[in-house]
Visitor: 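I'd like to ask you about the structure that follows.
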Amino acid sequence: MARLTIPGLSQRADGRWLARFTQKQGENARYDVTRTFERKSDAEDWIIEQRNRRRFVSAGLPAPAVEAPRLTLGQILGDYEAELQNEPHSDGHRKRVGEVAKTLCKALGENHPVPLTRDDLLRFASWARRHTKTKGDLIVRAFVNVRTAHKLAGLPLPVAPAVRFERGGRLQVPHEHVLRFLDAMPIGSPEKTAAEIMFRTAARLTEVLRLKVGDVDLAIGVLRIETRKGPKANRVRTVEHPITPDLQKILEAAMLDLPEEKPLIRLRGRAVREPASLRKRLVRASGVARAAVLREHPRMAAWGPEKVFPTIACLAWMRNHVVTQLVETGTRIETVSGLAGHA
């Protein structure tokens, strides 16, 4: 007799079967529990088993005891990486998750039993400080990945310890040098468009790279930037920024009468997904700006090129520079907070 089609079952590109079951947590909260199986029959049996257990719980009866499969750290991290293939994440995000997973398995071992404990996370943080050049970002990202992998596997979430770490010094460029840097980039280039938008709106670099042509409304003179912090939808809101005449020229050169769904920041006709793709262009622009500063102040040549003007390979510092300038010039903190998209 043929088996019935069961909702919540899908086949991955690698041939394995993904079983998804919605679990209730509290009155209104729900979350998905997933398992990956080599055979379709095993995945169907698992979904049926979970539904039967839910019927017992709904009736107020103790659920039948079932021996839980022995999972390992390598398995739940591998399932998390496989889950990302079906989600709308960038290739860079998937790559970072894979690199963190390899580091976790190297520190604790692929066959380490789960769920992890707080002591396990502390042991990983101690290992990462000794064996990697991280400044803390790797440790924090690893904690997030571990908790997400536990949630997808239906395991209790480990308590992440509060780990203190020292941040590297932020890039600090004098305001007049920043203006030289902006002038060194040709109008219409993706690095010029991204840098000018960040300079005038204090937006995050990731938010600028997500902009579409439709976010620019020249008729009423408004640039709409969707600001978010984290993947949760309830943290997303739109901030409207006025378009000045100078910014309008830059946006018009970037738009080129393209459809509204096209990305605003493009390189060779394609959307710029990762900031690293602009690295060479930014380094070149910082070199041109350095040469302009030396022409005006030739005595600075004895200081060394990096002290005259640093080599800029990313625009992430621009937001910090703009916010700092606004605060130092006496702008009200409420205005700065709204401009920066803070809650």
Side-chain angles (χ1 to χ4, degrees), residues 88 90 92 173 175 178-278 281-282 285 312 314-343:
S90 64
V173 183
H175 189 66
V178 175
L179 299 179
R180 286 286 190 187
F181 177 64
L182 294 173
D183 292 339
M185 293 179 282
I187 189 170
S189 62
E191 65 273 17
K192 173 77 169 181
T193 306
E196 289 282 359
I197 292 176
M198 293 183 68
F199 182 74
R200 299 169 189 274
T201 64
R204 299 178 178 89
L205 179 57
T206 53
E207 296 167 355
V208 174
L209 296 183
R210 283 197 300 262
L211 285 175
K212 304 291 185 181
V213 175
D215 296 328
V216 182
D217 194 339
L218 296 179
I220 61 176
V222 169
L223 172 63
R224 299 182 178 89
I225 298 181
E226 187 182 77
T227 178
R228 66 179 70 190
K229 201 166 186 179
K232 296 184 179 180
N234 58 359
R235 296 181 182 177
V236 178
R237 63 193 185 96
T238 302
V239 181
E240 295 186 349
H241 299 273
I243 299 177
T244 61
D246 293 338
L247 181 59
Q248 180 174 348
K249 296 178 182 179
I250 296 169
L251 294 176
E252 289 177 346
M255 294 167 61
L256 296 176
D257 297 329
L258 291 173
E260 294 185 353
E261 66 276 5
K262 291 293 184 179
L264 183 64
I265 311 298
R266 303 181 313 280
L267 180 61
R268 303 183 186 93
R270 297 184 179 181
V272 177
R273 301 295 184 186
E274 297 297 330
S277 59
L278 301 177
R281 291 169 170 260
L282 295 173
I312 297 175
C314 186
L315 292 173
W317 59 274
M318 184 70 78
R319 170 182 167 88
N320 180 68
H321 172 79
V322 175
V323 172
T324 302
Q325 287 291 316
L326 291 174
V327 173
E328 291 181 350
T329 53
T331 307
R332 297 178 66 250
I333 194 64
E334 294 82 4
T335 304
V336 178
S337 177
L339 182 65
H342 290 161

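Predicted model only: the values in this text are computed from it and were never measured. Note that these values count all heavy atoms, side chains included, but never hydrogens, waters or copies made by symmetry.
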Visitor: Report the residues that fulfil side chain to side chain donor-acceptor pair (under 3.5 Å) with Glu240, sequence neighbours left out, ordered by chain and then residue number.
Guide: Arg224
Visitor: Please tabulate, for the side chains in residues 328-336, all donor-acceptor contacts under 3.5 angstrom to protein atoms that are two or more places apart in sequence or on a different chain.
Guide:
unit_1, atom_1, unit_2, atom_2, d
Thr329, OG1, Gln325, O, 2.8
Thr329, OG1, Leu326, O, 3.0
Thr331, OG1, Leu326, O, 3.0
Arg332, NH2, Glu334, OE1, 3.3

Visitor: For His321, which residues count as a ring-ring contact (aromatic ring centres under 6.0 Å, His included) partner, sequence neighbours excluded?
Guide: His175
Visitor: So how far is it from Thr193 OG1 to Leu211 CG, rounded to the nearest 0.5 Å?
Guide: 10.5 Å
Visitor: Show the nearest heavy-atom pair for residues Ala253 and Gly188, with the distance to one decimal.
Guide: CB-CA, 3.9 Å
Visitor: With a 3.5 Å distance limit and no angle check, can you tell me whether Asn320 reaches the backbone of Trp317 through a side-chain donor-acceptor pair?
Guide: no
Visitor: I'd like to check the side chain to side chain donor-acceptor pair (under 3.5 Å) partners of Arg268; sequence neighbours left out, ordered by chain and number.
Guide: none
Visitor: What pair of heavy atoms forms the shortest contact from Arg319 to Ala202, and how long is it?
Guide: NH1-O, 2.6 Å
Visitor: For residues 257-264, tabulate all N or O donor-acceptor pairs below 3.5 Å that involve a side-chain atom, not counting sequence neighbours.
Guide:
none

Visitor: Evaluate the side chain to side chain contact (heavy atoms under 4.5 Å, CB included) criterion for residues Glu196 and Asp246: first the C-alpha distance (whole Å), next the side-chain angles of each, then the deciding distance (0.1 Å), finally the verdict.
Guide: CA-CA 10 Å; Glu196 289 282 359; Asp246 293 338; over 6 Å; no
Visitor: For Met318 and Leu182, run side chain to side chain contact (heavy atoms under 4.5 Å, CB included): C-alpha distance rounded to whole Å, both residues' side-chain angles, the deciding distance at 0.1 Å, then the answer.
Guide: CA-CA 11 Å; Met318 184 70 78; Leu182 294 173; 4.1 Å; yes
Visitor: Among Thr244, Asp217, Val239, Ile197, find the one that has a side-chain contact (heavy atoms from CB on, under 4.5 Å) with Leu223.
Guide: Ile197
Visitor: Any idea which heavy atoms bring Leu267 and Ser277 closest together, and the distance?
Guide: CD2-O, 3.7 Å
Visitor: Using the test side chain to side chain contact (heavy atoms under 4.5 Å, CB included), find all partners of Leu218 that sit at least two apart in sequence or belong to another chain.
Guide: Val216, Ile243, Gln248, Glu252, Met255
Visitor: Search all heavy atoms of Pro186 against all heavy atoms of Lys192 and return the closest pair with its distance.
Guide: O-CB, 3.2 Å
Visitor: If you compare all heavy atoms of His241 against all heavy atoms of Ile225, which two are closest, and at what distance to 0.1 Å?
Guide: CD2-CD1, 3.7 Å
Visitor: What is the distance from atom CZ of Arg200 to atom CD1 of Ile250, rounded to the nearest 0.5 Å?
Guide: 5.0 Å
Visitor: Spell out, as yes or no, whether a donor-acceptor pair under 3.5 Å connects the side chain of Arg266 to the backbone of Ala271.
Guide: no
Visitor: Would you sort out whether Leu282 and Met185 count as a side chain to side chain contact (heavy atoms under 4.5 Å, CB included), showing the intermediate values?
Guide: CA-CA 8 Å; Leu282 295 173; Met185 293 179 282; 4.2 Å; yes
Visitor: With a 4.5 Å cut-off on side-chain heavy atoms, are Leu315 and Phe199 touching?
Guide: no
Visitor: Return the CD to OG1 distance between Glu274 and Thr206, rounded to the nearest 0.5 Å.
Guide: 10.5 Å
Visitor: Of all the heavy-atom pairs spanning Met198 and Leu205, show the shortest one and how long it is.
Guide: SD-CD1, 3.7 Å
